[in-house]
Number of protein chains: 2
Amino acid sequence: MQAALELVAYEANFSAISLRRVARQAGVVPTAFYRHFEDMDALGLSLVEDTFIELRGLLRGADLSALPIKGLTRYAVELFAYHVRDRRLLFQFLVKERFSGSRPIREAIHGHITQIVIELARDFAHFDEFSRIEETDLQIIAELVVNTIVSLSERILDVAPDNAEDAALMLRAEKQLRLIFMGAGRWESRASSRAARAG
Amino acid sequence: MQAALELVAYEANFSAISLRRVARQAGVVPTAFYRHFEDMDALGLSLVEDTFIELRGLLRGADLSALPIKGLTRYAVELFAYHVRDRRLLFQFLVKERFSGSRPIREAIHGHITQIVIELARDFAHFDEFSRIEETDLQIIAELVVNTIVSLSERILDVAPDNAEDAALMLRAEKQLRLIFMGAGRWESRASSRAARAG
DNA sequence: CATACGTGTGAACATGTGTACACTTTAGCC
DNA sequence: GGCTAAAGTGTACACATGTTCACACGTATG
């Protein structure tokens, strides 16, 4: 798995690297590959699962409900940015395969992200500031937040490691999140539903 | 180019299809490929350029400044969704290659999107509602808007063509954009800069 | 000690790949 | 009608790929 990650970081993406190259990178003969995975797709799926198991642990560990919304955005951005840099190769793999991987891999990634959105929306429901907002609208807001964080990850992975530009990217993301929360503070679920029905 | 698009829609991504398969799909012998492109990368870059030339035309043609912000979001979402569906294969290619393509292709796409963000921020500056906001903050907001639209495109391309789910996706994106604009309406550039300096 | 199992090996195969080269065909223009 | 340039063809080569099969080594457990 480590060998595959290294190759993906170097090459364009996962489908561009061959079973034989993974084996070579791992210092092993091609046929030995089959002792561990049925095929390349199985390897890719294992990488996806690993990434999200760890990410889920991170999100569970960060008890955001303890903080006020103000400090929350900065803390969340820093936590996430640190983790992405720490697991650079894993997230590089994820970002590349999210849309260009094989169908099973794409679906696995999409499913996990959807799950994160749902859980984030559930967390939002505990904040007094959002008590007015309907559940479906909370999910829409959560999706916006997740999109923003994902976009930050993509940008961080684009620049070289330990680049000074990282700080600017994080500030951007932080502002975007603050703006989203300002919008959410004024959001009226009933008004928006009415507008939607009026079509 | 059409042959390549068809194959990319069917396969995982661009780097997974070979020069020989493109030629076969085009009903032509492999060596004939070289009469049109130096290599596969050149083909990919041509596809990127084509997509953005057309997209730029669409954005230029849509004179958004004529509308009030309220109707603007719905109109923009519908216009964009229609165009993405209309050029499905091109945008499928774009979404897949944005992060997983070869370096030149990735950079070309990224450059074009950055350009669109800059121009959108410039358009924002003409609205009275945003006159308070600094230019750098306008770009951050424009980026948020573009991210949301890109995300909508990705979702539309994920579901089958002419799927009823499209309408729900568009409504989501419309709400997200309205929320962003509500946040922007309360945005205070000086306050945010001060907070940033305070660190 | 033996035996079962996880892991790694080497040779072999049919098939796909990018590209070079010399050639033929096609289409447009004076 | 003949010339030119663009587009397409066929052959050839050296190489990479996924997968198969029978075999070898290590270790831990009965």
Side-chain angles (χ1 to χ4, degrees), chain A residues 1-51 53 89-90 92-94 96-97 99-109, chain B residues 1-51 53 89-90 92-94 96-97 99-109:
Chain A
M1 290 170 74
Q2 179 62 27
L5 284 181
E6 287 159 11
L7 288 178
V8 169
Y10 189 73
E11 291 284 327
N13 59 59
F14 188 66
S15 69
I17 70 176
S18 65
L19 183 154
R20 284 178 109 104
R21 302 224 336 185
V22 173
R24 210 178 309 148
Q25 180 80 10
V28 136
V29 101
T31 50
F33 179 95
Y34 294 102
R35 301 295 181 191
H36 305 269
F37 301 99
E38 198 181 355
D39 53 22
M40 286 288 282
D41 244 36
L43 205 195
L45 283 174
S46 291
L47 289 173
V48 171
E49 294 309 315
D50 266 30
T51 311
I53 284 175
L89 294 191
L90 269 180
Q92 224 157 6
F93 168 83
L94 213 67
K96 288 181 172 182
E97 299 309 307
F99 297 109
S100 84
S102 67
R103 173 171 290 277
I105 289 182
R106 285 203 319 265
E107 284 174 358
I109 296 175
Chain B
M1 290 170 75
Q2 179 63 24
L5 284 182
E6 287 160 10
L7 288 178
V8 169
Y10 189 73
E11 291 284 327
N13 59 59
F14 188 67
S15 68
I17 71 177
S18 64
L19 183 153
R20 285 178 109 104
R21 303 222 341 184
V22 173
R24 209 179 310 147
Q25 180 79 11
V28 138
V29 101
T31 49
F33 179 95
Y34 293 103
R35 300 296 178 190
H36 305 270
F37 301 99
E38 198 180 355
D39 53 23
M40 286 288 282
D41 244 36
L43 205 194
L45 283 174
S46 291
L47 288 173
V48 171
E49 294 309 315
D50 265 30
T51 310
I53 284 175
L89 295 191
L90 269 180
Q92 225 157 4
F93 168 83
L94 213 67
K96 287 180 173 183
E97 299 310 306
F99 296 110
S100 85
S102 66
R103 175 171 289 276
I105 289 182
R106 285 203 319 265
E107 284 174 358
I109 296 175

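This is a predicted model, so every value here is computed, not measured. All chains are named by letter (A, B, ...) in the order of the sequence lines, taking the proteins before the strands, and each is independently numbered beginning at 1.
With contacts defined as side-chain heavy-atom distances shorter than 4.5 Å, the pair B/Ile17/B/Val8 qualifies.
Across the protein-nucleic acid pair, B/Ile17 atom CD1 and C/dG18 atom C1' stand 15 Å apart, rounded to whole Å. At whole-Å resolution of the value, CG in A/Leu19 and P in D/dT20 are 11 Å apart. Atom pair B/Phe37:CZ and D/dG8:C1' shows a separation of 16 Å (rounding to whole Å applied). Rounding to whole angstrom units, CZ of residue A/Arg21 and P of D/dT19 are separated by 17 Å.
The shortest non-hydrogen separation linking B/Ser15 to A/Ser15 is OG-OG, 4.0 Å. For A/Leu47 against A/Ala4, the heavy-atom pair with the smallest separation is CD1-CB, 4.4 Å.
A/Asp41 places no side-chain N or O within 3.5 Å of a backbone atom of A/Gly44 that could act as its donor or acceptor partner. Side chain of B/Gln25 to backbone of B/Leu7: no donor-acceptor contact under 3.5 angstrom is found.
A donor N or O paired with an acceptor N or O is found under 3.5 Å between the base of D/dG18 and the side-chain atoms of A/Arg20.
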- Query: Do B/Phe99 and B/Ile109 pass the side-chain contact (heavy atoms from CB on, under 4.5 Å) test, and can you show the C-alpha distance, the side-chain angles, and the key distance before you say yes or no?
  - Reply: CA-CA 9 Å; B/Phe99 296 110; B/Ile109 296 175; over 6 Å; no
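In terms of phosphate contacts, A/Ser18 brings a side-chain nitrogen or oxygen within less than 4.0 Å of OP1 or OP2 of D/dT17.
DNA chain D lies under 4.0 Å from at least one heavy atom of each of the following residues of residues 24-36 of chain B: B/Val28, B/Val29, B/Thr31, B/Ala32, B/Arg35, B/His36.
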